Amino acid sequence: MSNIRVAIRVRPLSNREQEDGSQEIVQVNENVVRIENIKVRGVPEFGDTARARARDFTFDHVYDSVQGNAPCASQAQVFNDLGAEVLHNAFGGFNACVFAYGQTGSGKTHTMMGYPGDVGLIPRICEGLFEHIQDSGDDHVTSRIDISYFEIYNERVRDLLQPDLLRQNENYSLKVREHPKEGPYVKGLSWHRVKNNEEIQALLEKGNEHRVTAETYMHDQSSRSHAIVTINFTQARLEENRPSEIVSKINLVDLAGSERADPSSKPDFRKRLTEGANINKSLVTLGYVIKTLAERSLLSWETDDMGSLQSFSASGGGESQASSTPSGPNKQRMPYIPYRDSVLTWLLKDSLGGNAKSIMIATITPASQYYSESISTLRYAQRAKNIINKPHINEDSNVALIRELRKEIGRLHGMLASAQKAGTIVSLPEADNADIAEKLHENEEMESDLSIRGLRNRSSSMGVMIDSQLPYLVGMDDDVLSTGIVIFHLKEGETLVGRGDADAERDIVLEGPGIETEHCVIENATGEVILRPGQGALCSVNGQECTQPTKLSQGDYVILGGNQVFRFNNPAEAAKLRENRQSQGSLNTLGVGYPSYSGLSRASSYSSIGGDDSNYLSPQSQLARSYPNRDLERRYQSEQERIEQARTELEQLKSEHERAEEARQLREEEMYAAHEQHRADIEDQKHQLLRLVEENERAREKAKEELQLARESLAKEREAFQKHLDGERQKLREQQKLEQQQQQQGSQGSISIQTDPLCTTTTCVGSDDGLSSGHKEMGVGPNPGVDEEDGLILAKDVTVFREGRKVSTKEQLAELDQEEFSRRMSYRETEESLAFQQEDIEDSYGQTQQQIQARIRKIQEMEEEYKELDKAHLQDITTQVK
Ligand code: ADP
Ligand code: MG
């Protein structure tokens with residue numbers, strides 16, 4: 001849904017306005033227009049005069065072309081904003097519309113068409129179309145541009161590109177009709193295929209030349225008609241391997257301006273008055289349509305019932321919904337939209353309230369004497385902002401649906417794949433997978449069904465399925481080169497057939513020569529179908545003109561009016577006939593799968609219509625009249641061939657899809673296998689590292705235990721040695737004592753005291769004869785009576801015999817000291833070595849830990865990288881499926 005976009009353009013004061021002493025009462029500030037009512041300037045009874053005299057309006061764009069204001073909004077700037085938007089929408093396949101609204105002489109024509117040297121939006125948009133086609137350089141898209149240019153003058157439609165018609169009869173008028181699907185259109189309007197910008201510009205110039213203009217007070221060259229340039233822009237391409245066309249209709253409308261009736265002495269005042277009345281009629285209707293559409297849009301928002309608005313908009317709005325009521329809580333009546341009250345609004349029906357992205361440019365003059373006209377234009381523009389349209393891309397709905405379904409299938413495949421994959425890492429609920437798979441299956445079936453159905457039944461104005469069990473009419477276009485078929489469903493009860501302008505709405509709307517307002521009624525009473533021709537309406541069944549109610553049978557061909565040919569199908573009756581045929585063993589000569597039609601025998605009399613009617617039977621109809629069976633057969637067969645071809649295309653498409661799906665699955669499996677292998681490798685490495693960590697821990701603990709044991713045994717050994725030492729010393733000292741005593745008794749002895757630098761105990765050395773008379777415990781330090789020399793206290797030799805050798809006690813004690821000393825040195829070394837070993841254990845443990853950590857980090861990085869790679873692969877596969 002999209003709101004009508006509204007722009008305002010303020011033109012500079014004209015020379016005449018300046019001469020008249022006009023003041024500028026319009027100011028622009030970005031996208032806000034302020035208009036001032038200078039009549040109330042300084043009037044004391046207006047309390048808040050500032051507010052009373054100025055009003056602000058905000059719009060999507062405001063272009064200020066007021067002189068003296070730099071920079072002025074140029075034609076290029078208007079095109080860059082609005083024209084580019086139109087082109088963007090057209091290339092996107094949307095209908096687009098730009099219409100300029102405003103008072104005479106306010107700048108509508110200037111903005112829309114412009115003048116040589118300063119061209120406006122229409123020529124720029126036309127040029128932009130070709131430029132864009134060239135720039136895009138897409139070889140897969142073929143573009144077609146067809147243009148028409150007509151004006152509505154005094155409620156009559158005149159083709160500006162067929163000036164000969166104008167010359168023949170000044171008052172001629174083309175009829176406006178409504179196509180059941182395409183909406184209102186001008187019948188007989190000339191369309192011109194253009195191949196380049198030069199051709200389109202030449203056509204615009206040609207049309208401009210023939211537009212009705214006249215001098216008005218405000219404007220010397222006032223356009224007295226509404227001019228509409230319509231561009232049909234078709235982009236054909238292969239979409240989803242199917243030929244697809246997107247058609248955008250661009251309506252560019254330069255309206256005639258309203259003007260107050262001025263009875264001053266103009267020679268053709270009466271003519272101008274009639275013109276003015278008609279212009280005003282259409283502008284008043286346009287204003288009213290805008291007002292009611294805006295109200296309707298607001299109402300829809302208020303009742304929060306966009307559904308009703310959508311259905312309204314989708315069908316182009318208008319009378320049929322006039323009495324429809326929304327189903328929302330505030331059941332208000334939707335206002336009636338009086339499109340049909342003027343030719344202009346009737347033709348702009350879709351652009352104003354339906355399938356188009358529309359832009360309104362309201363033009364105003366800044367002159368003070370036109371305050372009321374300008375504020376009225378601004379109010380209209382303000383209202384138009386609220387109108388909501390429902391534009392959609394104009395393409396074969398089946399192509400769009402198939403595209404959507406494929407997208408959805410791709411998405412579901414992706415979800416399924418990732419869910420399955422996730423199952424190996426994080427398990428998802430089974431139900432989710434099943435749901436996705438089921439949905440996928442459903443969508444695939446729907447896509448296939450749609451593809452087939454879409455190819456079988458491409459056109460149906462009433463939305464009837466070809467495999468309906470109800471009877472229906474197959475309408476064949478009069479043009480031999482047309483491949484379109486329209487199917488009209490014949491509901492139970494009455495189906496009214498006639499023209500679009502009939503008082504009561506017709507179920508089947510037909511246009512063309514000989515079609516009456518209320519042409520006929522087709523009655524379907526429980527499978528029996530009767531055609532009741534209207535008064536004087538031309539109807540024939542299998543070539544027999546019928547004025548009375550006529551029963552229709554399977555295969556009858558019906559001609560309504562001059563050239564509307566239909567084939568009547570009644571599936572229930574056809575089924576019975578087929579049964580009969582089988583039971584009779586008769587063969588149908590009209591081809592396989594093509595039900596025979598009972599009316600063929602009657603068809604031979606078809607050519608007898610002839611005579612005067614040939615005046616308004618087209619050549620194709622005349623051909624059909626002469627060879628009705630062959631013509632129908634040929635058309636039917638070509639249609640069959642087309643369907644067959646489409647079926648083959650579809651089969652190819654399906655097998656391609658299957659191949660792609662197989663390839664995808666293969667790749668997916670390969671990827672999963674590689675993924676699993678990689679994951680296993682990583683896990684393996686992780687386990688190894690964990691083992692290493694544990695081993696390292698264990699090795700450290702073991703080394704520490706061994707160290708502890710070594711320390712303990714060292715301590716024990718040291719203790720045992722110390723005990724042994726003490727015991728030995730004790731013995732020697734006792735011996736020494738003995739010797740000293742003996743010496744004292746017999747001989748002179750000496751005492752030697754040696755200070756062991758490693759021992760704090762004092763060793764008393766007695767005489768070597770073993771007869772030491774006494775032991776004197778001495779403290780460390782000089783002792784009176786003791787001769788100090790190198791720290792040794794000299795004593796007399798005490799000697800003992802051992803193993804045949806005389807070893808003095810003193811010597812023995814010295815040996816003991818020596819042994820203690822060396823033992824102590826050895827213990828110290830062992831302790832130091834144990835300490836070094838402990839350090840080595842810690843060092844080697846730390847180093848191994850560091851190496852392991854580094855490897856763990858590396859593996860984690862590899863894992864992350866692999867995850868990314870995995871994601872990319874998955875995306876790759878999903879893209880391939882799409
Ligand atoms: P109308 O809307 O009635 O068709 P026109 O577009 O013919 O009015 O403009 C009336 C006059 O004002 C013309 O002479 C035109 O050149 C001039 N004019 C309109 N708009 C502008 C503008 N934006 N800048 C300069 N001149 C303008
Ligand atoms: Mg004009």
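We count residues from 1, following the sequence as given. It should be emphasised that the depicted structure is a prediction, and the values quoted were computed from it without experimental measurement. Read the numbers this way: they start at 1 and go in the same order the structure lists the ligands and their atoms.
Within the coordination shell of the Mg ion (ligand 2), defined by N, O or S atoms under 2.8 Å, Met112 is absent.
Atom numbering of ligand 1 starts at 1 in the shown order; those under 4.0 Å from a heavy atom of Gly105 are 1 (P), 2 (O), 3 (O), 8 (O), 10 (C). Within the listing of ligand 1, atoms 3 (O) sit less than 4.0 angstrom from a heavy atom of Thr104. Annotation for ligand 1: atoms under 4.0 Å from non-hydrogen atoms of Arg9 are 23 (N).
Glu151 and Ser225 are linked by a side-chain donor-acceptor pair at a separation below 3.5 angstrom, with hydrogens and angles left out of the test. Residues Gln235 and Thr142 bring no donor and acceptor atom of their side chains to less than 3.5 Å of each other.
One finds a salt bridge joining Glu178 and Lys349 here, because a Lys/Arg side-chain nitrogen approaches an Asp/Glu carboxylate oxygen to under 4.0 Å. Of the charged side-chain nitrogens involved, none lies within less than 4.0 Å of a carboxylate oxygen, so that Lys187 and Glu511 do not count as a salt-bridged pair.
Contact annotation: Thr363 has no heavy atom less than 4.0 Å from any atom of ligand 1. In this structure, Pro12 counts as a contact residue of ligand 1, since one of its heavy atoms falls inside 4.0 Å of the ligand.
Of the heavy atoms in Tyr63, none comes closer than 4.0 Å to ligand 1.
A salt bridge (Lys or Arg N to Asp or Glu O under 4.0 Å) check over residues 115-125, counting only residues at least two apart or in different chains, returns nothing.
With atom 16 (O) of ligand 1 as the reference point, the heavy atom nearest to it among Gln103, Met113, Glu17, His110 is part of His110. By heavy-atom distance, the residue among Ala100, Gly107, Gly102 lying nearest atom 19 (C) of ligand 1 is Gly107.
Every residue meeting the side chain to side chain contact (heavy atoms under 4.5 Å, CB included) condition with Lys291, not counting sequence neighbours, appears here in chain and number order: Tyr288, Glu295, Arg383.
At least one N or O atom of Thr109, backbone or side chain, sits closer than 3.5 Å to an N or O atom of ligand 1. Considering backbone and side-chain atoms alike, Lys108 places an N or O below 3.5 Å from some N or O of ligand 1. Where the criterion is an N or O separation shorter than 3.5 Å, residue side chain and backbone included, Tyr115 meets it with respect to ligand 1.
Of the possible donor and acceptor atoms, one in the side chain of Thr345 sits under 3.5 Å from a partner among the backbone N and O of Tyr339.
Annotation: cation-pi pair Lys385/Phe59 present, NZ/CZ under 6.0 Å from the ring centroid and within 45° of its normal.
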